[in-house]
Every structure is written in C-alpha cells, then in structure tokens.
Amino acid sequence: MAGYDFTKIEAKWQAHWQDNQTFRQPNPGDADFVERDPYYVLDMFPYPSGAGLHVGHPEGYTATDIISRYKRMTGFNVMHPMGYDAFGLPAEQYAVTHGVHPRETTEKNIANIERQIKMFGFSYDWSRRISTTDVEYYRWTQWIFLQLFNSYFDPAELKAKPISHLVHELENENYLIGMGGEIVFDTYGLEAIAEEVPLTRKWYELSGEEQHEILDTHRLAYRAEVPVNWCPQLGTVLANEEVTNEGRSERGNFPVYRRALKQWMLRITAYAERLLDDIEDVDWPEPIKLMQRNWIGKSTGAEVEFAIDGTDESLLVYTTRPDTLFGATYMVVAPEHPLVDTLTTAEQKSAMDTYIAAAVNKSDLERQTEGKDKTGVFTGCYAINPVNNEKTPIWVADYVMMGYGTGAIMAVPGHDTRDFEFATAFDLPILQVVQPDGDGDGDWQGFVGNGTSVNSGFLDGMTTPDAKAKMIDWLEDQSLGHGATNYKLRDWLFSRQRYWGEPFPIVHCDECGTVGLNDDQLPLELPPMDDFSPASSDDPDSPPRPPLGKMTDWITTPCPLCGKDSRRELNTMPQWAGSCWYFLRYLDPKNTESFCDAKIADYWLGEGKSGGVDLYVGGAEHAVLHLLYSRFWHKVLFDLGHVNTVEPFYKLYNQGMITSFTYRDSRGIAIPYTHCESRDGKMVHTETGEVLVESVEKMSKGLGNVVNPDEIIGEFGADTFRLYEMFMGPLNASKPWNTRDVPGVFRFLQRAWRMVAGDENSPALLTEADQDDVEKLLHRLAAKVGDDIEQMKFNTAIAAMMEFVNAVFKNGAIGQSQAERFVLILAPFAPHLAEELWSILGHGESMAYEPFPSFDEAMLTDDTVELAVQVCGKMRGKVSVAADADEATILAAVQADAKVAAHLEGKAIVKTIVVPGRLVNLIAK
RNA sequence: GCCGGAGUGGCGGAAUUGGCAUACGCGAGGGAUUUAAAAUCCCUUGACCGGUAGGUCAUGCGGGUUCGAGUCCCGCCUCCGGCACCA
C-alpha cells in the first residue's frame, strides 16, 4: 500500500468534484431540485488584491466549508457560494501608475485568488460565482440605487415608499408644503388652525423647480453639500483614515482641505430606530450588537430654545440633561453654525474669523487629536436662559460639532466633563445643580451621574430622571422646548470621485433636474478609458473633477424625461454598494428579469422571520459599516416589496484575526523569518546568533512575518492546512500562526491514513468484524464531533478525532464499518483524504451526501464511574463505583479507600457533599 | 478618555459553565529501529521538596463568597481590538 500522497489525492478529488458538479445546488423550480430544509452558509467575499490570499481568508472559509459539508450530510440543501468584491482603489491606482485598465488587473487578480481558493477544496457551488464588477451584476446595484432614488421615507408608517406615492399625496393635497419647504405629512392636526394661520402651500402653488427640489430633498438617495477631505493634487476626496494628523494625504503627503462638495447621500438615518430595534431579533455576538447600538447612538433629552439678547433670533440647543438647565452658564455653537455671523459682534469679528478659518480647515482627526486643550472665541453676544432669564455668553468652539444635535449646546460645566474643561480654561462660572447621592459633601464638580437636583428652582429635591421629565413638561408648557431624540448615526456619504466603481444611473437636466435612468437603460456601463488619473491641481479652490469628467462624448446624453441634452452624473459608487446585496444575487445569479427571483429568495432566506442567511462568517472589522449598510439596503428592499425578510443575516459569527509571531532583536528591530532560526528551542538571528524576543503581532510585509498559503499547501497539503487553522484555537479568538505546529496535524492525517489504508511499513488496522472496544469510542466521537460542529468548536472536535485514532492504534485494530464511520466523521474537516479512504474502503461514489454517522445514547455512558474524593476540599484519592450507586454506597466505598481513611484518621466527618458522577467531598474535624 | 474582549506550562490551547486544572497538539529530554539520517514507535515533561511513595505551591495581582473558584463578586495591573470632544 502506498503512503499518504496528498498532492495526488487532492488534485484527484478536486477534479472529481468539479467534473461531477458535486456541489452544484439546484434552486426550487430546477429540474433536479429535491425538497429539503434549506441552509445558507455565507462567507464575506474577498477583495481580490494583487497580493492574493493570506492565511486569514481560509480560516473563515474552512469553518463554513465544514458546516456546509456537515449540513449536506445531515440532510439539508446547502447554499454555499463564493464571489468577489472587486471594485476598489488599488486596481485604479495601478491603472493610474501603469496604464493598465482596472478590469484587466481585476480579472488577473480574480483568476489568481480563485486558483488559491480552489486549492483548499472548499465545497462552493461555483456556478453561482459573481463579481461586483460584472456588468450584469452592477446593473442590479444600479437598479437598487434607483429604488432608493425613487423612494422616500414615510414618517408615519416608518417605511420607504415610492416617490410617486408622495407626488400623488401632494397632488391630492393630503400633504402640504410648510413655509420652510418641508412636507407637512400630518395635516390632521393642522386643519384646526389652518384657517387663521396660512402656514402652508399646496403642491400646485409651487413652481416646477420648487417641486423638484421638494422631491429631491426627500428621496432616500439625495444630494447634499457635505464637508469632505478634498485633496486637489490627488484630485480626489479622501477618507479620514487617508489623512494624516498634519492634514496631509497619506499618499503623496499633499495638503488636504476641508471643503463642502455636492455629494450623493443615502438616508440611513431614517432607519435608525428600525436598525436599533431589529438587531434584538438576530443571532449575533453580543459585542457586535453593542457596537452597532453605540454607532447608532440613540439618546433622549430635549431641544430648548434660548432667546438671543437684543435680537429676534433664538438659538436651539439639544441636551440630554434638561434637568441641568439651571446650571447652564454659557452656550457654545459649532464653528459651522449658520448663526455665527449674526451672533458675532463687531469687536469680536476678526478674532472669530481667524478661529473659524482655522477650525473649518481642520480635518475631523485634527480637531480631535488636539487632546484636552479646549479652544474657542466669545461671540460678544448673550442668550437668555429660559428658566431663570440669566444672560449667558455665547461662545464658538470646535468641540461642538455641527453634525450632531442642533450644532449648539448649553454648557453645564458643573456636570459635563468637556464643558468643565472649557470653563476652567476660559474662567467661566461653574454652578452646582446636581448633588451626587450618598454622603453630602462628595465632590460635585464634574459629576456627570444621576443624583438630586439642587439650586434648580422648581426641580430642587427631585432625582435626575424625575427632574428631566419635569423640565421637559415645563418647557413644553411654556412652548420653550420639547422632548427630543437624537442619533449619532449620520447619513451615508455615497459618492466617490473615482473611475473603478458603479456609475450612477443619473443625469442632470436643466429642465427636469436630477433624473434617474429608466430600468431599460440599465446597465449603464463604465465607459472605456485610457488615462485614469484624476485631474490634479495646486489650487485649493479648484473644483473636483472625477475621472469620468474626461469622457466628453459619454457625458452628454438625452434626458430620459424630456429628451433634451442632459449631463451624466460623474461620480461613482463606493465599494460598499456591491457588498450590500451580493448574498441575494448568489441565489439567482443569471436572472436577467430581476436581481433575484422572489420565490427563490423566499426558499433560501425564509419569509417573515427576522433573518435571511442562516450563517454569515467574517472578520469583526466589518462589525459596523458593512453590516449596517447591508441591513439598511435590505430594509429598503423589504419596504418596497422586493424581499420578504426584515434582516439579511440571521446568524453572524466573527472569526478572530490570525496574527503572527514576530521576532525582534535587542534594538527592537523585527527580524524577518528568513533570518531567524530555532536553536535549543530558542529563536535566534541566523547570522549573529543573538537570541530574539518573541511577540505576537499582525502579519505584515514590513515585519517579514507573512505566511503564504501556497507554500504550506505545497509542503503539507490542503487538508493539513484546513485542519491546522481549525486546530489553532477557538474560531472567534485571535491567535498566532505557528508553522512549527503544522506537522502535528499532518502526522494525525498520516496516522488516519495508515489506520485505514496502511503503507509500505505498516499494514492497515482493518478487520472485518467490528471491535467492541472501538465501538463505544466511535459513538462518543460521533456525538462529540457533531455537537462541536454545531457549536463551531472545531478545535476540540479535531482533538477528539486525534484521541480516537490514538486509541485505535493502542487497540491495534478497527472494524471495516467502524473505519467507514470514522472517515465520514473526518470528511467535513479533511475532505480529500476522507474521499480517498472512502473509495479505498470500497465505495464508488463521493461521500459528500452520505449521512453523518449517528450514535446510540446508551453508548455514551459507562456502568461504573470514577469519583474524585476530597477531604476538606483537597484531592485525596479516587474511587470507582457503579454509575447508579446511591449516596450510602458511595460513602462506604470512599471510606474504604486507604488513602482517604488516612486523611480522616482522628477526625469526625461533619459534612459530606456528593456530586453525582463527579466527586465526593468529606468535611472532617 | 469611553466601549468591548482577553490574561492558564517553554508555545498554541482544553476544562461538560461552580466540581479531578493543564485534554489535544507543538517544542524539549531520554530510549527503540537504522550503517547513518528521515519517517515511525515507546517513555518523561507546570514549579519546588523528596526516591517513581508522598507532600507543598501554581490559572495576571490583592481581597471576598463557597464544602469547593480558571469559572461568581469587589478593587487593581497588563495586553489586544474598536470608537472618540456626540452635548
């Protein structure tokens, strides 16, 4: 018999699976569809980078493959697809510097990463493969964008509806237009006063232009002026992460300017409450739920109006602590606040202009990294505190953000840390209005918790929650304010000044305004281009010019509404767009009529229940953005009737990061693996012999600690690689890769091979008849492994299989049917080896759909159990008793034990604790 | 600063959730086989005292609850991840 030739075996079975379409999963309606329970296992699809796969990718993929294979063996139809999130910056940057079209680079990278993924023998249904860059894919990304563009959020029903419905309601005058241009949805309450106060206009009273504007400001996809990091030299807008602390671009170190640009936004804030509520119904790790809740950041408090002294204007502030209104000793407005000019007096104007110019040009990061040093400028103007009519100075300071609340605060330095720091820095009065609970003279300065109101007029003596409620009532009675809810969540900035992304299916028409393409005009393909560099400029005030701006022929196109010349939108969509809905396209990837057939989606995602995908595995780095964006899109699709589940992902599991050992010399310099070697169990520098210090860090090229999967597979095979990554530790823990440990699992697979197939030196251990001693172990193994797979505890499942094989070698023999069952248990983990052994055991077909071995409950228990015996809590011995022995029998056996008796000598037993099946503790004096 | 997670042998980790701490694997040491090596197999391996009996001490540190704590409670320390002037 030949030895374990993994190279041959793995090639053979991968070809077999591919040739026989073993893992193609038919949809309902397909001729070969068999009705079974559906199970949808999804991986976060990779970005096909030029560097290819790193060892972190196959960790999650192996876990989902084990689940997929196990689910097939336990009678499910398994949806297990793979694809590529292939739009993105690197391909475009490569195009800029090397003149290679991003599509070319992308296709090359996909080919490489797919080759790598296929080496692992994952059981994907490759017929469902998609890439977000496929025209037939992004056609539907554009279509979904148009759904957003053509929808608005109904504030009464809290759901998206077609914008045509809004127009209908406006035309029928069910909704009116307020003087500020806002839509008055609730005309019911208004009717009573409408006659005396003509606050509203009717739809027909508006000009065409006004009508467009009203609609455009209510769409789920709308355009707004948003401050962004504009880098003229790079000709693009940068993410915060791409801007250095010095306010320069990470790439090229060019200056970055904060500038307001007209950008596409998606109204995710409308869904804040539903995103918050529905997260209760999904099976996600609690920390991830918490992160999403914190990101949405709901808070309740009040909006309060402060009259501005000497003018008719007023300043609206949001506070979570209306109970501290009596302690407000100054006000702060954000530098971007529209009232700043009005508020600033002539004497203060020049100081203010300087301050605002500096503040506005700071990146968010800069504004935040200045630490605790508070800066600000007095406007020279005062507001009137509505509760006590005190004059309170109004300041401008950049610690208040325009993007949150009303962009203005009442500062209560006595009970807010930031206000306290600011007041200290500028010598502003600090008043106590809350008394901490407990002994009276505790330090109240900077106390931000709940307590009892003091120095607060009608609130005195009330607890903080009561005082909040009382104050809100009072404000509402006096028409000075009202209770309010706020979210940290902001609308999603959805446009990029780049080439390699989905073009917006939008034109700008002088007559009709912003117009969406018709469905039959999709896909709107990216126009071919040779030169991808964005227009660069030294002038900070140069207008942004996306790469598509160069396509002069392409830009001008007939307006879908009026047919006159209109200009195409030149921005493209962000990478998140394609990844928001890819799990839907997998279900029906070839459909040309819709993004996914509803019946097919209903089968795989279910109907009505909260969640869709049964299991979604990926890194925790996507905890907020991707998962939140995807949930948002899904809810919009749900509202518009395109999907029937409220949530996209029912169960989420986060794999941990695979880190790497890094070796540093005495100077702290990381020594690449190529210059390290192990001597006497210590890692030393190959040349100098210096003993190196080991630490665990992220894999990165710079540290020389990157592990390449190709090399490991070449040396040990894919099954070993899979097994090693699963054996390293719990899937959700971050853990260091250690190539030194790989041979351990390789040896296990070789032993499994020799057990069943033998090799030149040792015969197989197979016997025709089953081995009694092995049978019980096998049942326990089946129970343990099945259980561990369900709980995603793959490391302990593998340990159990190792113990089993070790025990069989001790026993010296295993029955044919027992070997078969063992191989089936091993199959989800090491499928190539298992298939080969399965065929050696005499089976012609693939084992992929063989039932997972069952177990007999009776085989899991023993007749006798060993109990640990403690005397006064200390381990003193062990006794064997019948499993069903009563307490008296057990105690008799325990006291008969010589060692135990010795420890009991001269003492009287005062208490006995018997834990059935586990231990006996005797307390003696 | 805030939020979240984690600290167990030389290393990765296990421990039925309050019940025999250190499963499984790596590494290390010794032995068998071999001309030799690789591979394979066997033994030892938390620390300390002692002899392989036996004992004492060990799950980041200090307290506590309990017959019993890696697990629960209180107070610290360290590391990792995320967010950050969010009113």
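Lettering follows sequence order; numbering is per chain, from 1. Values in this document were obtained by computation on a predicted structure and should not be read as measured data.
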Nucleotide opposite B:G12 in a Watson-Crick or G-U pair, distances under 3.5 Å: B:C24
Does B:C41 have its OP1 or OP2 closer than 4.0 Å to a side-chain nitrogen or oxygen of A:R754? yes
With a 4.0 Å cutoff (strictly under), does any side-chain N or O of A:R876 reach OP1 or OP2 of B:C20? no
State the pairing partner of B:G81; accept Watson-Crick or G-U wobble contacts with both distances under 3.5 Å, and report none otherwise. B:C3
Please determine, for B:U56, whether a Watson-Crick or G-U wobble partner exists with both distances under 3.5 Å, and give it or none. B:A47
Does OP1 or OP2 of B:G27 have a side-chain N or O of A:N738 closer than 4.0 Å? no
Counter-base of B:G70, judged by Watson-Crick or G-U geometry with both distances under 3.5 Å: none
Any idea how A:W492 and A:Y629 line up, ring-wise: parallel (<30°), tilted (30 to 60°), or perpendicular (>60°)? parallel
Do any side-chain nitrogens or oxygens of A:Y404 fall under 4.0 Å of OP1 or OP2 in B:A87? yes
Can you check nucleotides 17-19 of chain B for protein contacts, nitrogen or oxygen pairs under 3.5 Å, and list what you find?
residue: B:G19; atom: O2'; partner: A:R918; partner atom: NE; Å: 2.7

A:I798 has an atom CD1; how far is it from atom P of B:C26, in whole Å? 13 Å
Applying a 3.5 Å limit to both distances, which nucleotide forms a Watson-Crick or G-U wobble pair with B:A32? B:U40
Determine: side-chain N/O of A:R747 to OP1/OP2 of B:A39, distance under 4.0 Å, yes or no. no
Could you label the plane-to-plane angle of the A:Y330 and A:F422 rings as parallel, tilted or perpendicular, counting under 30° as parallel and over 60° as perpendicular? parallel
Return the nucleotide paired to B:G75: Watson-Crick means purine N1 to pyrimidine N3 with N6-O4 or O6-N4, wobble means G-U with N1-O2 and O6-N3, both under 3.5 Å. B:C61
Show me the pairs that pass salt bridge (charged side-chain N to carboxylate O under 4.0 Å, His left out) and involve residues 723-737 of chain A, at least two apart or across chains. A:E59-A:K735
Backbone N/O of A:I394 and side chain of A:T379: donor-acceptor pair under 3.5 Å: yes
Is any N or O donor-acceptor pair between the side chain of A:K911 and the base of B:C67 shorter than 3.5 Å? no
Might you list the N or O atoms of the protein lying below 3.5 Å from N or O atoms in nucleotides 45-50 of chain B, with each pair's distance?
none

